Structures are given as structure tokens and as C-alpha cells.
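Chain identifiers are assigned alphabetically (A, B, ...) following the order of the sequence lines, protein sequences preceding nucleic acid strands; residue numbering begins at 1 within each chain. Computed from a predicted structure; not experimentally measured.
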Amino acid sequence: MTVALLDCNSFYASCEKVFRPDLVERPVVVLSNNDGCIVAMSREAKNLGIPRGIPLFKARSFLKEKNIEVFSSNYVLYADLSRRVMDLLSSRVPVMEVYSIDEAFLILDHLPALPLPLCRELRDDIQRGIGIPSSVGVAPTKVLAKIAGGIAKKRSDGIFALGDVDAAGAGASPPAFGHEKDIDLVLGETPVEDVWGIASRLAKRLRERGIRTALDLRKVDDAWAKERITLTGLRIVWELRGIPSIVMEEVAPPKKGIMSSKSFGHPVTDLEDLLEAIGDYTARAAAKLRSQESACRLIDIWLTTNRFRESERQYSAGTVVSLAEPTDYLPDLVAAARRGLKSIYKDGYRYKKVAVFLSGIEGMKGLQGDLFRNPDPRKSALMAAVDSMAARYGPGALSCTAMRPSNDWQMRREMLSPLYTTRWDQLPQVRTG
DNA sequence: TCTGGGGTCCTAGGACCC
DNA sequence: TCTGGGGTCCTAGGACCC
């Protein structure tokens with residue numbers, strides 16, 4: 001197998017630069033929801049040594065001092081540019097897995113083009129046509145392609161291959177980057193915690209056993225790995241050996257749980273405000289549920305105060321509401337969510353966050369019982385209308401809850417870029433003369 | 001004043017059944 | 001006094017990913 005991992009560089013920051021040519025070489029950071037933390041940085045910002053995940057209030061003076069451009073997160077823009085990248089890839093490579101908003105695995109076997117020239121072309125086209133820089137790692141398995149991708153990011157040509165990938169492809173061109181010996185060299189220089197699937201906790205345990213690099217990990221005993229790092233870990237070991245063991249998810253499997261949760265812009269004390277927020281979050285989660293043609297049986301609700309404010313009284317609680325039958329019908333879901341919230345709400349606390357989690361998810365088509373035999377056409381029609389309104393006016397357009405004008409639970413987004421690509425009224429302007 | 005929001009999979013342990 | 005063994009389902013929590 002020859003698999004490529006194409007990864008957009010500093011994706012959110014790169015998206016913000018697409019319509020701002022004045023920012024080309026400038027350091028840019030993108031904030032989390034609620035303008036809380038720094039979650040993405042352009043290369044220039046990374047080079048200044050800003051830690052990822054640092055709260056904005058701690059970084060503020062540094063950002064100002066270094067004249068760094070700061071953006072609130074604009075997920076509508078990122079999702080739209082991501083879709084364009086993925087569409088371009090799937091038009092050239094029939095077998096691929098969209099792994100995250102900014103990454104895709106591509107199967108390069110049995111294509112007319114050789115792997116490396118094709119990757120160069122894809123990378124160039126994404127840059128020229130969409131304006132997003134990317135890098136590509138090529139290898140016999142996903143885990144090795146991830147490692148190759150990490151090296152590609154540091155190279156000026158943005159491409160790195162582990163093994164004889166062109167020979168493995170159509171067989172016509174000389175090997176591009178190396179043979180087995182070179183794979184050993186690269187793995188020997190890859191710290192074990194840089195392997196996909198091995199994070200700090202696991203890495204610490206491995207290091208205690210003398211396993212410090214990807215090369216060490218590749219050599220461990222199968223039975224030992226199965227027992228100590230589970231089958232998930234054993235698959236990583238096999239992949240390091242070049243044996244494909246992690247499946248390609250060509251079509252995204254339906255979600256087994258759908259979450260909607262956001263911190264508030266200000267502390268919230270009033271039950272009515274919390275109910276309004278939970279209605280909004282439930283509407284967002286339910287829209288995702290319907291978009292994958294599923295229904296859910298369980299709704300988890302939880303709420304919490306701000307754990308960082310140690311001087312304040314803390315309270316957090318959650319509850320699960322079971323529905324009589326699986327449903328995707330928003331009024332029923334909202335009613336259940338409100339019931340759950342009322343059962344755990346306590347007066348007198350300053351709340352930071354509420355969350356909705358839909359689970360017990362089943363496909364609508366597979367549903368047994370009254371719902372399937374006797375779907376209520378009025379309910380389906382209402383939900384279709386809700387979904388088309390949301391497509392037009394945004395995900396929070398309808399939530400079965402009367403929204404009051406001064407809802408101060410809404411998140412802060414004080415440095416939001418325009419919706420360049422999805423709203424006519426926010427298209428970039430070209431000045432002439 | 002200000003600290004993100006999604007997801008997946010795995011294991012352990014309890015309840016319950018035969 | 002003696003108090004199995006195996007299976008399933010559920011939940012909580014840990015660990016990992018972006």
C-alpha cells in the first residue's frame with residue numbers, strides 16, 4: 001500500500017490569511033470559542049515561541065508587543081475552505097479518508113500518476129487554487145505517513161516519503177527518498193511520543209521500559225504490546241513495521257454521540273438564561289443528528305461553574321434523560337433537555353457552561369416500532385423546514401425557545417473575520433483606481 | 001475581567017442472568 | 001461449613017486525537 005497524509009499547514013491561521021494578502025509574512029493567531037485560548041498559529045507566530053493553548057489574557061501583552069494579528073475562530077470560513085480542499089483531493093484520488101478538518105489520507109495505489117509527482121501537483125493546486133499551504137507524507141501505512149508528514153512540514157518542498165514509494169506505485173521512476181535503512185534512521189530519530197496514538201502518559205510508561213523512539217516501539221514483543229498498550233497500541237506497532245492495520249474510513253461512519261457545549265461570555269446565574277442556552281445547543285446537536293439521518297434515545301445534560309475561579313463556590317452536575325422512543329424531533333428533544341437541566345439546577349451559583357450530549361444513536365432507517373411504521377408526516381415536515389431555515393440563516397436560527405434580546409450567555413467573538421466565502425454581503429472588495 | 005469544543009476507543013467493575 | 005463460572009449489558013473514567 002502507498003498512503004499519503006496531506007495536512008494543511010497551520011490551517012485556521014492559513015484560512016485567515018487567504019483573503020488578507022497584507023498578512024502573508026505576518027504572525028497570526030486564532031482563538032478558541034469565546035476568545036478564550038490560542039488554538040492555532042501561523043508559522044511566524046510559532047517561531048515566536050507562543051505555547052499552543054495559552055489563555056488569551058496571559059498572552060495579550062506579548063501579542064501586542066510583537067504586533068501579532070489576532071482572530072476569533074470563524075468555523076464557517078474554515079469549514080468552507082476545508083470542503084474545497086477535500087473536493088479537490090477527491091476529484092484526483094478516488095480512495096481517501098477525510099481524517100479531520102485539515103487532513104486527509106490518500107491511497108495512491110493503482111493510479112495513473114506516480115505517487116510523488118501526484119503529491120507535488122496536489123499540493124501546488126491547493127496552494128494556487130485555494131490559497132492554503134500544505135505538506136504531504138508518503139509511506140506504506142498511516143502511522144508511517146504521519147511520521148513522514150511531520151518531516152515534510154520542516155522541508156521547503158513540503159513533501160517527504162518513507163520507503164520506495166514510487167517503485168511501489170507504478171514502478172517506472174527511481175526511488176525518491178530511500179530504502180529500509182533510511183526508515184530505520186528516521187524512526188530512530190523520532191521520539192516515541194511523536195508517534196500518532198502515543199501521547200505523554202503512554203510515552204512515559206514506554207520510556208520507563210526503555211522504549212524511547214519509534215524504532216524501539218517497532219521492535220517490541222506483540223504479546224507484551226497487546227497486554228500493556230492494548231490492541232490499539234499493537235496496531236500502531238504493526239503499522240510501524242509497514243503492515244497496514246488501521247482501517248481507512250472512506251465514508252465517515254455515523255457519529256455515536258453528538259455534543260454541543262460552549263462556555264458563556266459571562267457568568268450566568270438565572271435558570272431562564274440556562275434554559276435558553278440549552279435550547280440553542282440542543283437545536284445544534286439535533287441538526288447534526290438529522291443530517292446523518294439518525295435518532296437518539298438518550299440526552300445527557302450537564303452544567304458547571306467556573307473551575308478556574310477557586311474563590312467561588314463550585315458546583316457541577318449532570319443527568320441523563322431517557323426518551324420513550326428514539327427521536328430526531330426537536331420539540332421533544334428540547335423538552336427533555338429542559339427537564340434534565342431543571343432537575344440539576346441549583347440556585348445561587350455563577351455558571352460557566354452547559355452542555356448537551358445526544359447518545360443512544362440509531363439510524364432512522366433501522367428503527368423498529370411505531371416511529372418507523374407510522375412516521376408523523378407533520379413532524380418530518382416541520383423538521384425539514386427547520387433544517388432549511390438553518391441552512392439559510394445559520395445553525396442557531398430556530399431552537400424552540402423564545403430568545404430574549406439580551407441573552408448574555410452568548411459567546412464572545414470580538415475579533416471575528418468576515419464570512420468571505422459564504423455570504424454575498426461579506427465578499428472581499430477589490431478596489432480599482 | 002479573561003482559561004475551547006468536539007470526538008473515539010478501551011478497561012474495570014457492578015448488576016444481572018443461567 | 002460450604003459460596004462456580006461464564007456471559008451480557010451498562011456506566012464511569014482514562015487516554016488519545018484534532
Item to complete: Between A:R60 and A:T232, just flag the one whose closest nucleotide in DNA chain B comes earlier from the 5' side.
Response: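 Nearest nucleotide further toward 5': that of A:R60.
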Original post:
Between A:M259 and A:R412, which has a closest nucleotide on DNA chain B that is more 5'?
Top reply: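 Its nucleotide being nearer the 5' end, the pick is A:R412.
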Checking all strands, does [X] fall into the base, sugar-phosphate, or nothing category for heavy-atom contacts under 4.0 angstrom?
| X | answer |
| --- | --- |
| A:K353 | sugar-phosphate |
| A:L202 | sugar-phosphate |
| A:I101 | nothing |
| A:S260 | sugar-phosphate |
| A:I54 | nothing |
| A:G257 | sugar-phosphate |
| A:D35 | nothing |
| A:R205 | nothing |

Could you check whether [Y] and [X], counting side-chain N and O atoms only, form a donor-acceptor pair closer than 3.5 Å?
| X | Y | result |
| --- | --- | --- |
| A:D7 | A:S135 | no |
| A:Q314 | A:Y349 | no |
| A:N9 | A:K153 | yes |
| A:S417 | A:E16 | yes |
| A:D80 | A:T421 | yes |
| A:S10 | A:K46 | yes |

| request: Extract, from 5' to 3' on DNA chain C, the first and final nucleotides lying under 4.0 angstrom from some heavy atom of chain A. | output: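 Both ends considered, the range comes out as C:dA15 to C:dC18.
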Query raised in the report: For A:E312, what residues pass the salt bridge (charged side-chain N to carboxylate O under 4.0 Å, His left out) criterion, not counting sequence neighbours?
Result: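 Listed in chain order: A:R309, A:R350.
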- Item | Separation between the P atoms of C:dC18 and B:dT3, rounded to whole Å |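 Each nucleotide's P atom is 25 Å from the other's.
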Item to complete: Would you please indicate yes or no on a ring centroid separation below 6.0 angstrom for A:Y315 and A:W302?
Response: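 Centroid separation for A:W302 and A:Y315: 6.0 Å or greater.
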Worksheet item: Are A:Y345 and A:Y351 close enough that their ring centers fall under 6.0 Å?
Response: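 Ring centres of A:Y351 and A:Y345 closer than 6.0 Å.
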Q: Could you run through DNA chain C and flag its stems, i.e. three or more consecutive Watson-Crick or G-U pairs with both distances under 3.5 Å?
A: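 Output for stems: B:5-18 with C:5-18.
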